[in-house]
Amino acid sequence: MTTDSGSAQADSNNGQPTELASLYDPAQVEGPMYDLWQEGGHFHADPAAGGDPYAIVIPPPNVTAALHLGHALNNTLQDNMIRWRRMMGCNTLWMPGTDHAGIATQTVVEKRILAEEGKRRTDFQRDEFIGRVQNWKDEYEARILGQLKAMGCSCDWERTRFTMDATCARAVREAFFKLFSDGLIYRGKRLVNWDPATQTVLADDEVEHQTVEGSFWYLQYPLEHPVEINGQRLEHVTVATTRPETMLGDTAVAMNPNDPRAAALVGKVRVRLPIVGRLIPIVADDHVVMADPESEDEKAKFSTGFLKVTPAHDPNDWAIGQRHNLPAINVMAPDGSISYEHGWTDWDEVRNADVEQLIGLDRFEAREAIVNWFRGENLLEDVRPHAHEVGHSYRSHVPVEPYLSDQWFIAVKKQIPSLPDAGLIAGTDVPVNSLAGLALKPLLEGRVRFVPERYTRTYQTWLENLRDWPISRQLWWGHRIPVWRGKAPESPQQTDWQDVPSSLRVGDADLPAQWRTEQGEVYVYVVAPPNRPDVEQKLDEMGFAQDADVLDTWFSSGLWPISTMGWPEETDALNFYYPTNVLCTAREIITLWVSRMVMFGQYFRGDIPFSTVFIHAMIQDGEGRKMSKSLGNGIDPLDIIASHGADAMRFTLSYMTTETQDVRMPVAEMTLPDGRKANSSPKFDNGRNFCNKLWNSGRFVMMNLAEMTAGEFDRSQMQLEDRWILSRLMRTVDEATQAMENYRFHDCLESIYSFFWSDFCDWYLEVTKPRMRDEQTRLVPQRILAYVLDSLLRLLHPFVPYITEALWQHLGQVVADRSLDAEAPAPPARACVVAAWPKALQDLRNDDAEADFAQVQRAIRAIRNIRSRMNIAPRQPLTAIVRAGEDELARLNSAADTVRHLASLERLETSATAERPRASAMEVVETMQVYVPLEGVIDLDQERERLGKQIAEKEKFIGGSQNKLANESFVSRAKPEVVEAERERLGRLQEELAVLQANLKDLQ
RNA sequence: GGGCGCUUAGCUCAGUUGGCUAGAGCGCUACCCUUACAAGGUAGAUGUCACAGGUUCAAGUCCUGUAGCGCCCACCA
């Protein structure tokens, strides 16, 4: 976008207000205004200043990549709220920061290093690799913070945090220590979601399900010896599986106890596992669905009645294994290849040539090889296509492998020992005083609420069905788990973590400890307390080693609301701003993040972290697809800022924010001012146009205020349009304020927008132009222009901060005090960012003025309409004759100048009995008739047709209204005021019809 | 498999407790560079509110069902 209209701000001379360009150029304004706010210290939150606290913690963006449009929306809305509350006089804090995003960041850095240097993580020393990730983090953190600033976010930058900085690390250490001491963290061998690509465990909610077109393979497992059932000889059983490769680890075949064949099979005969040769039992378990090809049940349709049981590689099988005491044989390495080195306990007994050929194959290669083996041995009974949901890593996107491994867990449904036993939350198995219970209770009590409310359920059901949270990750980038493991120096009483709140004395410290027997040896796990390097050193000396793993990223982000404020220290910020007010986020992390913050806030701080969770829409592209790098449909907020301006972006995003759950953003490649091509969206045109309009109207108002005189304002000197615009303003202030209170950003902007554009620009500015030309008549409208513009800038500031601030600064130079009078003050402020939000003054509300002015508007529109229809030049002077009731005419006459001016009339005649001049065009609006005498030919047929249409329409409505009123039930059952309104409406319609008919008759 | 959401003008979407002669922006048509703004102004056209039932005096709005689209959750026989 280029313009020859010069820079937005010419040099000021002699202290005169600067000239403003006619095209708003955001690039000229945004930087200086942001500097002005920063220099003014307006974003800094000071608890000592007291007042009403209002705080928001930012959902810390991941340092994996620069911010995208979703972030732009998220942060725009937060800034809307913070700026609004600041103007409402609250002591506001918007806490900024970024998230280290463990697995995600490590993955992108690994990928980049592999691509650029051909090296893998394991080619580096741990510290060296972390240094590389740190560099990435530094780069992206800077970019992200820069983006937030460019968007205009009014965060308290002095408090900027990072989930791995010293303050947050301190909180993590404290939190881990407390959880461990309370026996809420334990080490366990469990089946976890394993990502073979990144080789780490994933929490349930880090697994994404995708539909995969797979197959069912029907494999025959020979029986140890044939069995006779009802005279039929059975030599093998057939199992159906989607993952044949796991059969190497089968340790049983299960069947339903009600299966008629069970009596002859269960416990009577074993199965010889093909390839491996392992003899495995047949067990009875209710979990197995019996075969029934006729059944509606999907499972019964494909079931053979026999289920292969692989405890080490399937969660259901794990459960069956637990019930029947089956061994778990792990046949895979962490990278997903077939291996006998990771828990294949009977390898030495079963190894043979066939099995050995499979060792080292990737799990999918092994699948093929095994299927081929079965086919070759004639044991492959059938293959059927089968579409099913397969869990994939949300980071590497490869299928997740259920994998047996040792991990640290948080016990989420365990009664917290330090709290009283308060039973279960009704209808659940969740103890009130468990971590899950602590997160659930405030929701049920209404202390935490979701907006929109429907998201409550997502949160609730998730917590109710929560399983223990695996918190260790086999990564390098993250908070290292502060657990040290060593040979137990003394004999423990027991080795069951659950019942032994025990400790180990190290130096002068008693460390919480858990004992475990591993490979016949007793080990002790202890947690080193925060800020005790001496203890850590002592542990090292004792030959203890720190756990190599790091914590799940959500462990530290769950602490975000308290860690950023300095917990566990009793900081002023924590005391003043906690609990915060609103958490603003998208629905995708309600479970991942929101619930954990509530859990931790409640447990560590004894209070909820925020009282409202505002969930906003997710942005999709024009086709309803997710925006992503791989699709090439992502948009960088900085590119929108370059193409349209930050305010335009914010305006459009805020305006789009309704209660809907998805919004679409058509993506289009655009050329930016610097010549680059980048993705942006024409959706932002609306915002840009709005800003330009605001800029120009502000410019125009200020031109007219140049020689404004202050002094007493005499309200009695106001004319109809003055009373009208003030009334409309107050109505708007009222609507906007209510909308903001209810997180209705669209409604708020809609209200301000229509007031600004339709009422203020289209009408008030136009109406007052003639009055502005005269030194005497301009006095009143000048004061009102100043007051209304001042109010508008305040109303719009939370949404479009830059342009409103720029105009505010200019306006301040033109008119220092825009107060109307003592009752309608406009408290001066040195910056719009800290100006007071307007109050809706009831004494300026004026329904009569609004009704009267509406009448004037109707008359003007009628004349313009005739002009347009008759193809008469806009400024050709005309005479108009208006016939209407006495009251209506009185209103019109009181604003005759306005009508003449805005309709470009030479003469306006009003009469209750006027006749239509023979050569004239006419317009009937309600009961008002407007005639415009014209020279030349009037097409009477056309006029009659128009009237005929209007009559038909009117009759239709009258018919409907009459039917309604003739309906006995309506009259008796509808609310009286509704019936009364309907009667009035019918009366009005009939009057209007009569006028139309009279005029039609006149044309005959 | 469970849950949630959407379907309103050519396009993108508003429409809070049922009272609607259903709105906005963009686009479209005609006229206008009227010294704030052409990123603008004036005037105008356009809708079986997905479909089928039901509740009600009254349904875009509430209920049930159907279809299409999208999302979230769920241990892959």
Side-chain angles (χ1 to χ4, degrees), chain A residues 1 20 22-24 191 193 204-205 209 212 214 216 239-243 246 254 287-289 298-299 302-304 306-309 314-319 386 388-391 399-400 402 454-455 457-458 461-462 465 587-588 590-591 618 620 622 624-626 655-656 658-666 682-683 685-686 688-704 742 744 746-747 750 753-754 761-762 765-766 861 864-865 867-869 871-875 904 953-954 956-957 960-961 964 967-975 978-979 981-982 985 989:
Chain A
M1 180 175 64
L20 303 179
S22 67
L23 198 61
Y24 173 58
L191 265 198
N193 305 300
D204 290 342
D205 37 33
H209 291 81
V212 168
F216 262 127
V239 296
T241 179
T242 56
R243 293 190 303 154
T246 63
H287 175 77
V288 182
V289 177
E298 208 31 48
K299 279 190 177 162
F302 60 67
S303 174
T304 62
F306 297 97
L307 174 68
K308 66 191 273 303
V309 182
D314 184 280
N316 290 314
D317 295 5
W318 171 260
H386 176 58
H388 58 137
E389 295 294 310
V390 177
V400 162
R454 70 182 111 97
Y455 295 109
R457 205 144 142 214
T458 312
T461 48
W462 188 78
N465 301 312
R587 67 181 181 284
E588 59 184 348
I590 290 174
T591 52
M618 315 243 327
Q620 307 168 333
R625 298 173 306 182
K626 232 176 167 165
Y655 194 78
M656 281 174 19
T658 61
E659 284 205 349
T660 186
Q661 67 180 17
D662 299 302
V663 292
R664 288 186 184 197
M665 180 69 68
K683 267 230 160 182
D685 291 356
N686 195 17
R688 183 198 54 194
N689 295 355
F690 176 79
C691 289
N692 196 240
K693 184 82 174 174
L694 180 60
W695 184 256
N696 280 294
S697 58
R699 210 159 59 90
F700 176 69
V701 168
M702 286 188 263
M703 277 164 44
N704 282 292
N742 294 300
R744 296 188 151 265
H746 169 88
D747 293 1
E750 165 97 343
Y753 182 97
S754 80
C761 292
D762 290 350
L765 291 185
E766 296 303 329
R861 286 199 178 106
R864 286 171 173 172
N865 197 320
R867 206 183 267 284
S868 174
R869 176 155 38 90
N871 225 347
I872 304 166
R875 273 182 304 170
S904 297
E953 200 177 40
K954 209 66 84 178
K956 195 182 100 192
F957 293 137
S961 186
K964 228 178 193 181
N967 183 340
E968 181 49 36
S969 349
F970 172 69
V971 179
S972 61
R973 298 201 191 185
K975 282 175 282 187
V978 173
V979 178
E982 191 58 41
R985 177 169 169 255
L989 287 169

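Letters A, B, ... mirror the listed sequences (proteins, then strands); counts begin at 1.
Side-chain atoms of Lys683(A) lie closest to rU12(B) of the nucleotides rC76(B), rU12(B), rU34(B). Of the candidates rA77(B), rG41(B), rU21(B), rA77(B) carries the atom nearest the Val288(A) side chain, counting heavy atoms from C-beta on. Distances were taken from every side-chain heavy atom of Asp762(A) (C-beta onward) to each of rA74(B), rG41(B), rC37(B); the shortest belongs to rG41(B). Distances were taken from every side-chain heavy atom of Thr660(A) (C-beta onward) to each of rA36(B), rU21(B), rA14(B); the shortest belongs to rA14(B). Nearest nucleotide to the side chain of Val978(A), out of rG19(B), rG70(B), rU34(B): rG19(B). You'll find that the side chain of Arg744(A) is closest to rG15(B), out of rG15(B), rC75(B), rC37(B). For Ser697(A), whose side chain is taken as the heavy atoms from C-beta onward, the closest listed nucleotide among rA36(B), rC76(B), rG5(B) is rA36(B). When each of rU42(B), rA39(B), rA24(B) is scored by its nearest atom to the side-chain atoms of Tyr655(A), the top-ranked nucleotide is rA24(B). Closest approach to the Phe970(A) side chain among rG19(B), rA43(B), rG41(B) is made by rG19(B) (side chain taken as heavy atoms from C-beta onward). Here rA14(B) is the nucleotide among rA14(B), rC31(B), rU21(B) with the atom lying nearest to any side-chain atom of Asp747(A).
Base pairing of rU48(B): no nucleotide in any strand meets the Watson-Crick or G-U wobble criterion (both distances under 3.5 Å). In a base pair of the Watson-Crick type (N1 to N3 plus N6-O4 or O6-N4) or a G-U wobble (N1-O2 and O6-N3), with each distance short of 3.5 Å, rA9(B) is matched with no nucleotide. Pair assignment for rC37(B): none, as no Watson-Crick or G-U wobble contacts are both less than 3.5 Å. Under the Watson-Crick and G-U wobble criteria, each requiring two contacts below 3.5 Å, nucleotide rU42(B) is paired to rA30(B). Under the Watson-Crick or G-U wobble criterion, with both distances below 3.5 Å, rU55(B) is left unpaired in every strand shown.
Note on Val400(A): a base of the nucleic acid sits closer than 4.0 angstrom, heavy atoms only. Residue contacts for Arg243(A): at a heavy-atom cut-off of 4.0 Å it reaches a base atom on one of the strands shown. At the heavy-atom level, Thr242(A) lies under 4.0 Å from base atoms of the strands shown. Heavy atoms of Val971(A) sit nowhere under 4.0 angstrom from any nucleic acid atom. Cys691(A) comes within 4.0 angstrom of no nucleic acid atom, judged by non-hydrogen atoms across all strands. Heavy atoms of Ser961(A) sit nowhere under 4.0 angstrom from any nucleic acid atom. As judged by a 4.0 angstrom heavy-atom cut-off over every strand, His386(A) is placed among residues making no nucleic acid contact. Backbone-only engagement by Phe216(A) is indicated by non-hydrogen atom pairs under 4.0 Å involving sugar-phosphate atoms exclusively. Among the heavy atoms of the strands lying under 4.0 Å from Glu766(A) is at least one base atom, whether or not backbone atoms are also near. At the heavy-atom level, Arg867(A) lies nowhere under 4.0 Å from the strands shown. Using a 4.0 Å heavy-atom distance criterion, His388(A) is classed as a base contact.
Note: CG (Leu694(A)) to C1' (rG40(B)) measures 15 Å, nearest angstrom.
Phosphate proximity of rA14(B) to Thr658(A): present, with a side-chain N or O under 4.0 Å from OP1 or OP2. Contact annotation: Arg864(A) reaches the phosphate of rA43(B) (side-chain N/O to OP1 or OP2, under 4.0 Å). For the OP1/OP2 pair of rG18(B) and a distance below 4.0 Å, the side-chain nitrogens and oxygens of Lys975(A) include no atom meeting the criterion.
At least one side-chain heavy atom of Asp662(A) sits less than 4.5 Å from a side-chain heavy atom of Arg587(A).
Map Ala240(A) and Asn686(A) each onto its nearest nucleotide of RNA chain B; the residue landing nearer the 5' end is Asn686(A). Looking at which nucleotide of RNA chain B each of Glu659(A) and Arg985(A) is closest to, the 5′-most match is held by Glu659(A).
Between Phe690(A) and Tyr753(A), the ring planes are parallel. Angles under 30° get that label, and only those over 60° would be called perpendicular.
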